[in-house]
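Just below is one structure, and these are the notes that go with it.
The basis for the numbers below is simple: all heavy atoms, side chains too, and nothing from hydrogens, waters or symmetry mates.
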Amino acid sequence: MSKQSEPANLMETLVALCKRRGFVFPSSEIYGGINGFFDYGPLGAELKKNIRDCWWNDMVRRRDDIVGLESSIIMHPKVWEASGHVEGFTDPLVDCKVSKQRYRADQLFFAPVVVDGKTVGYVSALEGDAIEAELQAAAETLKRKRGIQGALATVQPRDMTQAKSDEIALIPSPATGEPGSLTPPRSFNMMFQTNVGAMTDASSVAYLRPETAQGMFADFKNVVDTGRVRLPFGIAQIGKSFRNEITPRNFIFRSREFEQMEMEYFIHEDADWAKCHREWIDWCKDWLLSIGLPESHLSEYNHPKEKLAFYSKGTTDIMFKYPFGVQELWGVAARGNYDLSQHAKCSGKPMEYFDEATKRKFVPHVIEPAVGVDRIFLAVLCAGYAEEEVTDEKGNTEKRVVLRLSPRVAPVKVAVLPLLKNKPELVARAEEIHRRLKRKYAVFYDEGGAIGRRYRRQDEIGTPWCVTIDFETIEKDGTFTLRERDSMAQRRIREEELFALLEEKVF
Ligand code: ATP
């Protein structure tokens, strides 16, 4: 029997679980860590690899119209001039001169405190789910502390990019609570710079890529000339990207080194881009469901026309309900033919495609689904985590922590458990099945402790099945006990049935 509940602070609980069980560690922890960088431990590395493999198999290998690419992380700096990143890959930055804290201006909110129609001060707060309520409460506190009488108006939050120049000096810094220390917003380029070669002058400046997409555009001609591809077709890539985010936060959701899975789907210039865009949004959503994310946590956000880049035809983000709010998980952008045209212009090399049917040359248009592996990783953990109160046959209740991960992504697929470790026949049979399983699957062998406790250890890391080798296995019909993580139900299973089950569920 089980009763499910959610912990009060899911993020804190997950961060602790990730550390305790070896999913994610802060990078360079022995030196105090480095903000915005993370290491994936033994289980995290498996989970991440499974996410990547599922995507690659479904996106590239199981389709006839998409090919893969692995381009270099450091590219010719002209790539980033052509793409617009040198000029425009910026976030608005606000400094607090007293605390030396830095904020993204569009994530720092403020509001005038208006009493009886008169502005009596300002309040500020960092972006969050309840920003209005937080600012209203701060406004009430300010009014009370200053002993101001009268009717307090409902706050009207704005972010710092919308602050008028005479307001900036009056807005309190979130770090100090006092006004006067915030600077006006200025543009901050998020690309990490480095130098290539022995010289460190302007001619050697290069960048760590802030997205993988430009590799697909720069190699477009190479792929067309060698890849036996015909429009419409896609080029997909998985790889690390780097952004010097002003405020990395929410654990691995926004970090400075992260991994992207991007695909550029090239279509005819006259193709129905809106239809293709919609098809890719649906594909991405279906794929997220296939790795176990619940539909109830997914939604769509259409970027308003006036906020789109001039070349963009439309961008829809697939949003996920994280514990810290509904946030972008996967962006699906219709980018016209801007990127290829820019590279043609800046490199002087044609980026056209020759259409055999019409005998015409043109620059293809593109639909780009772009997602972060780390954001999927976090979504999978958030959606999968559950705490349950379970009652055993003797009527004792205890807490069970379970990660309900899809077998497709679970870091360990099966745990092999001999019932008793001091019975050589049980251990020998368990080792044999372990050997066979691990040729194909990530398996865990555990002979230590009471069987119930071993099941719990696997529940906490999301292992979908445990097989126990018991006396029935060796004395009777050779079957094992198969214990399912979610239902905790147990049944007998033959070895070939176990392999068939895995074949069906782990793909
Ligand atoms: P955001 O608005 O959240 O900064 P973005 O719109 O700049 O994201 P894109 O440039 O569209 O993001 O990147 C594609 C995908 O890469 C995002 O949907 C996200 O999943 C992932 N991503 C982007 N920035 C980060 C980051 N700093 N850390 C982790 N993942 C990221």
Thinking salt bridges, do R104 and E127 make one under a 4.0 Å N-O criterion? no
Would D374 and Y40 satisfy side chain to side chain contact (heavy atoms under 4.5 Å, CB included), going step by step from the backbone distance to the final call? CA-CA 10 Å; D374 315 77; Y40 288 81; 2.7 Å; yes
Is there side-chain contact between F480 and V416, with at least one heavy-atom pair below 4.5 Å? no
Tell me, do Y301 and E328 make a side-chain contact under 4.5 Å, heavy atoms counted? no
Keeping the roles fixed (side chain from R494, backbone from T479), state whether a donor-acceptor pair exists under 3.5 Å. no
Start with the C-alpha gap between T13 and E387, add the side-chain angles, then the distance that decides, and say whether side chain to side chain contact (heavy atoms under 4.5 Å, CB included) holds. CA-CA 11 Å; T13 310; E387 287 176 4; 4.0 Å; yes
Any chance you could lay out the salt bridge (Lys or Arg N to Asp or Glu O under 4.0 Å) test for E46 and K49, step after step, and finish with the verdict? CA-CA 5 Å; E46 285 287 342; K49 177 173 165 19; over 6 Å; no
Derivation of the side chain to side chain donor-acceptor pair (under 3.5 Å) call for Q214 and S83: CA-CA 7 Å; Q214 294 307 319; S83 67; 4.6 Å; no
Once you round to the nearest 0.5 Å, how far does CD of E503 lie from NZ of K440? 4.0 Å
Check whether any side-chain N or O of H277 sits under 3.5 Å from a backbone N or O of V332 as a donor-acceptor pair, and report yes or no. yes
Interatomic distance, CG@L208 vs CE@M191, rounded to 0.5 Å, equals 10.0 Å
Does R483 qualify as a cation-pi partner of Y455, given the criterion of NZ or CZ under 6.0 Å from the six-membered ring centre and within 45 degrees of its axis? yes
Salt-bridged, K19 to E29, with N to O below 4.0 Å? yes
Is it true that a side-chain atom of K413 and a backbone atom of P407 form a donor plus acceptor pair closer than 3.5 Å? yes
Look at the side chain of R400 and the backbone N and O of R456, then say whether any donor-acceptor pair between them is shorter than 3.5 Å. no
Kindly compute the distance separating CZ (R63) from OH (Y265), expressed to the nearest 0.5 Å. 5.5 Å
Can you check side chain to side chain contact (heavy atoms under 4.5 Å, CB included) on I451 and R454, steps first, answer last? CA-CA 5 Å; I451 196 77; R454 281 185 268 167; 3.9 Å; yes
Taking side chain as C-beta onward, heavy atoms only, is T90 less than 4.5 Å from F188? no
Is the shortest distance from a Lys or Arg side-chain nitrogen in E432 or R435 to a carboxylate oxygen in the other one below 4.0 Å? no
Once rounded to the nearest 0.5 Å, what's the spacing between atom OG1 of T212 and atom CD of Q260? 5.0 Å
List the atom of P464, the atom of V412, and the distance in Å for their closest heavy-atom pair. CD-O, 3.2 Å
Checking the side chain of R335 only, and the main-chain atoms of T315 only, is there a donor and an acceptor separated by less than 3.5 Å? no
Side chain to side chain contact (heavy atoms under 4.5 Å, CB included) partner of R408, the single match among N50, I51, N57, D58: D58
Taking the side chain as every heavy atom from C-beta outward, state whether Y207 and P77 have any atom pair closer than 4.5 Å. yes
Under the criterion salt bridge (charged side-chain N to carboxylate O under 4.0 Å, His left out), which of R209, K240, R52, R375 is the partner of E259? R52
So which atom in A383 and which in F320 form the shortest heavy-atom distance, rounded to 0.1 Å? CB-CZ, 4.1 Å
Minimum side-chain heavy-atom gap L498-L437 below 4.5 Å: yes
Show your reasoning for whether side chain to side chain contact (heavy atoms under 4.5 Å, CB included) applies to V366 and L340. CA-CA 9 Å; V366 75; L340 286 182; over 6 Å; no
Looking at R278 and D272, does any basic side-chain N land under 4.0 Å from a carboxylate oxygen? no
So, the side chain of Y353 versus the backbone of L231: is there a donor-acceptor pair under 3.5 Å, distance only? yes
Which atom of L420 lies closest to which atom of L426, heavy atoms considered: N-CD1, 3.7 Å
Nearest heavy-atom neighbours spanning M75 and G215: CE-CA, 3.7 Å
Using every non-hydrogen atom in the two residues, find where H303 and D317 come nearest and quote the distance to one decimal. NE2-OD2, 2.6 Å
Test your reading of the model: is there a side-chain donor-acceptor pair from R254 to the backbone of T247, 3.5 Å cut-off? no
Side-chain touch N250/Y322, heavy atoms, less than 4.5 angstrom: no
So, do L501 and E497 sit near enough that their side-chain heavy atoms are less than 4.5 Å apart? no
Whether the side chain of R256 engages the backbone of F192 through a donor-acceptor N/O pair (distance < 3.5 Å, no angle test) should be reported. no
Donor-acceptor contact present, side-chain Q237 to main-chain S71, <3.5 Å: yes
From I461 atom CD1 to F23 atom CZ, the distance as rounded to the nearest 0.5 Å: 6.0 Å
Could you tell me whether E279 and K275 have a side-chain N and a carboxylate O separated by less than 4.0 Å? yes
Rounded distance [0.5 Å steps], CE in M216 versus CD in E262: 5.5 Å
Considering non-hydrogen atoms only, spot the tightest contact between L289 and P294 and give its length. CD2-C, 4.2 Å
Answer whether the closest heavy-atom distance between the side chains of I235 and D219 falls below 4.5 Å. no
Report the C-alpha separation of D470 and R492 in whole Å, then their side-chain angles, then the decisive distance to 0.1 Å, and conclude whether the salt bridge (Lys or Arg N to Asp or Glu O under 4.0 Å) test is met. CA-CA 11 Å; D470 47 29; R492 306 297 304 177; 2.9 Å; yes
